[in-house]
There are 2 protein chains.
Amino acid sequence: MTQTAHTSTSPGKQMLSEQVYAHLRDAIMRGNHAPRDALKPQDLAKEQGVSLAVVREALVRLVGEGLADRLPNRGFAVPACSDRRWQEIAEARRTIEPVMLRMSIERGDLDWESRVRAAHHRLARTPAYAPEEGEYYSGAWSEAHRVFHRTLLEGCGNPVLLETFDRTWTASELARRWSAHRVPDRDHADEHRQLEEAALARDADTAAEVLTQHLTQTAAGLTGCTLREPAK
Amino acid sequence: MTQTAHTSTSPGKQMLSEQVYAHLRDAIMRGNHAPRDALKPQDLAKEQGVSLAVVREALVRLVGEGLADRLPNRGFAVPACSDRRWQEIAEARRTIEPVMLRMSIERGDLDWESRVRAAHHRLARTPAYAPEEGEYYSGAWSEAHRVFHRTLLEGCGNPVLLETFDRTWTASELARRWSAHRVPDRDHADEHRQLEEAALARDADTAAEVLTQHLTQTAAGLTGCTLREPAK
DNA sequence: ATAACACTAATAATCGATTATTCGCTGGAT
DNA sequence: ATCCAGCGAATAATCGATTATTAGTGTTAT
C-alpha cells in the first residue's frame, strides 16, 4: 500500500530506504530523540509504514556516519553525548579547516568569490532564532551557516577534503544541538563578516586566524554540557 | 544451517553481517574484483551461504566507506578508478597528515615513541613483495606499512583525526591496488627510516617535509594508471 | 535476606518469498 | 539497414515471518 509513492505527494521516485534515511537523519539532527534513546526498528517501521529491512538499512547508514550507535545484539541508539568527544571534534576542525581555508584563498576563482558573497549575504540576513521554532537556532539559519562555512572552503577544489568537512560539520552540529547554553553574548555576525572580508581580500593569515578563533569559541561554548553520562 | 557459527570454526560469536562485511571488504581491497564489476547480492549470498539481507547490510556499509558504489535500482559495484580522484585523495593526505604529524611530535609520550620504534622495526623487516602472493605488495607489508604510518600520527591523541586518516588511507590503498606500475626505483625503506628518525628526534619541520615528499612521490607513482574509464 | 537460577516477554538478527524495475532481445515499420 | 515498440528474463528492492539473544521477573535454596 505504501510502496507506490509515485502516485501520491512525492514528485520523483527514490528508494524507500532513501526517504526513511533522510527522515531519520533529520529527526536526529533536529533533536527529536534524546541521546542514548533506543531507535527501535519495529516502532520506526510501523511509524513510517515500511518494512523492517528499509529501516535497518537506514540505521546502518546512519551508524556509518556517526549519527547513530550500534550496540551488538542490542540494536541501535542515538549517539551518547561525551564532552571529550566534542572537544576532539572541535580540535579536528581547528586542525583541518584553517589549512583548507588557506588553500581556498589561494586557489578560489571569481565564481568562488561570488558564491562566498552570496552565502554571507544570506547568512547575515537570516535570523538566528525563530520564536516558533523552539529554543535553538532556527533551521534556516543552521543551513545558511553551514553553506557559508562550506562555501568558504570550496575554493580549495578538493572533494575529498570537502567530504571530510561535511563529516566533521555534521558531528559538530549534533553536538551543538545538545549544547545546554547558547552563549548569548557571542557575536557570530561579526566573526562571519571578518571571515568573509579576509577571504575576499585574499588575506590568508588573517582569515585562518579568525577561523581558528571562531572554532575555539564555538568549542568553548559547548563545554559544560555534561548531560547524560550517568555512569551506566 | 549456517546461523550457528559458534559451534564451528569461529571462536567468538559475532554477527553474520560482520563476517560477511569483513570478507567482502578484504576481497575488494585485495583486488579480487575488477573495478566497475557488479557486486550481485544473490551470487555473494549463495557464495557465503547467507541470506540476502546480510549481504545487503554489508554492501551498504561498504558504500558508506567508499569501498563500493551504489547505482540506484542497478545494485552495487566495485568503485571505478579515476585518476583525478586518486590525485585528490593524495592531495588531501598531503594537506592533513603533515599537520597531524606535527601535533603528534609535539604531544607524543614515551609509549608513543616505543610504538613508533616497534612499528618501524616490523616494517623494515617485512619483505615488500611475496613471490607467491601475486605481483603486488604483500599483505603483511601493506599492513605493517599502514600501522607504521598510523602509529606515527597516533601521538596526536585525537581519535577524530585518526578516523579521518583511516578513511583516506583506505581510499589510497584501493588506488594503489589498481596502480599499473610500482615504481621499482623507489626506496621506501629509506624514506620510512628518515621519518622515524625525525619523529623521534622531535624535529617537526624535517618530519613534515619528509612526509610530504613521501606522499607526493606515492601520488606520482599512481599517475598514468588510467585504466578502465572507457567512456561508459 | 540475599544470591543464584529458571522462566517469560521483548526485540534483534536472519531468512525465504513477493513485488517492481531495468536490461536485452525479438520483431516490425520506416 | 536502422530505429523504435513490446515482450521476457534477470535482479534490485521490499515485505512478512522465523530464529536467536537479551533483559526482566519471579522463585528457590542457602
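Heavy atoms only: backbone and side chains are in, while hydrogens, waters and symmetry mates are out. Every chain is numbered from 1, with letters handed out A, B, ... down the list of sequences.
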Integer-rounded Å distance: dT22(C) P and Lys40(B) NZ = 17 Å
With sequence neighbours left out, what residues match Ala22(A) under side-chain contact (heavy atoms from CB on, under 4.5 Å)?
-> none
Under the side-chain contact (heavy atoms from CB on, under 4.5 Å) rule, collect the residues that match up with Ala45(B), sequence neighbours excluded.
-> Leu52(B), Val55(B)
Could you list the residues that satisfy side-chain contact (heavy atoms from CB on, under 4.5 Å) with Asp26(B), not counting sequence neighbours?
-> Arg30(B)
Would you say a side-chain N or O of Arg56(A) is under 4.0 Å from OP1 or OP2 of dA13(C)?
-> yes
State which residues pass side-chain contact (heavy atoms from CB on, under 4.5 Å) with Thr216(A); sequence neighbours excluded, sorted by chain then number.
-> Arg94(A), Thr212(A)
Which residues in residues 57-66 of chain B have at least one heavy atom lying under 4.0 Å from any atom of DNA chain C?
-> none
For Asp37(A), check salt bridge (charged side-chain N to carboxylate O under 4.0 Å, His left out) against everything at least two apart and list the hits.
-> none
Would you say dA13(C) has OP1 or OP2 under 4.0 Å from some side-chain N or O of Arg70(A)?
-> yes
Hits for side chain to side chain donor-acceptor pair (under 3.5 Å) against His23(B), two or more places apart or cross-chain, chain-then-number order -> Gln48(B)
Tabulated below should be each protein N or O lying under 3.5 Å from an N or O of nucleotides 23-25 of chain D; please produce it.
{"unit_1": "dA23(D)", "atom_1": "OP1", "unit_2": "Arg74(A)", "atom_2": "NE", "d": "2.4"}
{"unit_1": "dA23(D)", "atom_1": "OP1", "unit_2": "Arg74(A)", "atom_2": "NH2", "d": "3.3"}

Tell me, which pairs form a salt bridge (Lys or Arg N to Asp or Glu O under 4.0 Å) where one or both residues lie in residues 155-164 of chain A, sequence neighbours left out?
-> Glu163(A)-Arg85(B)
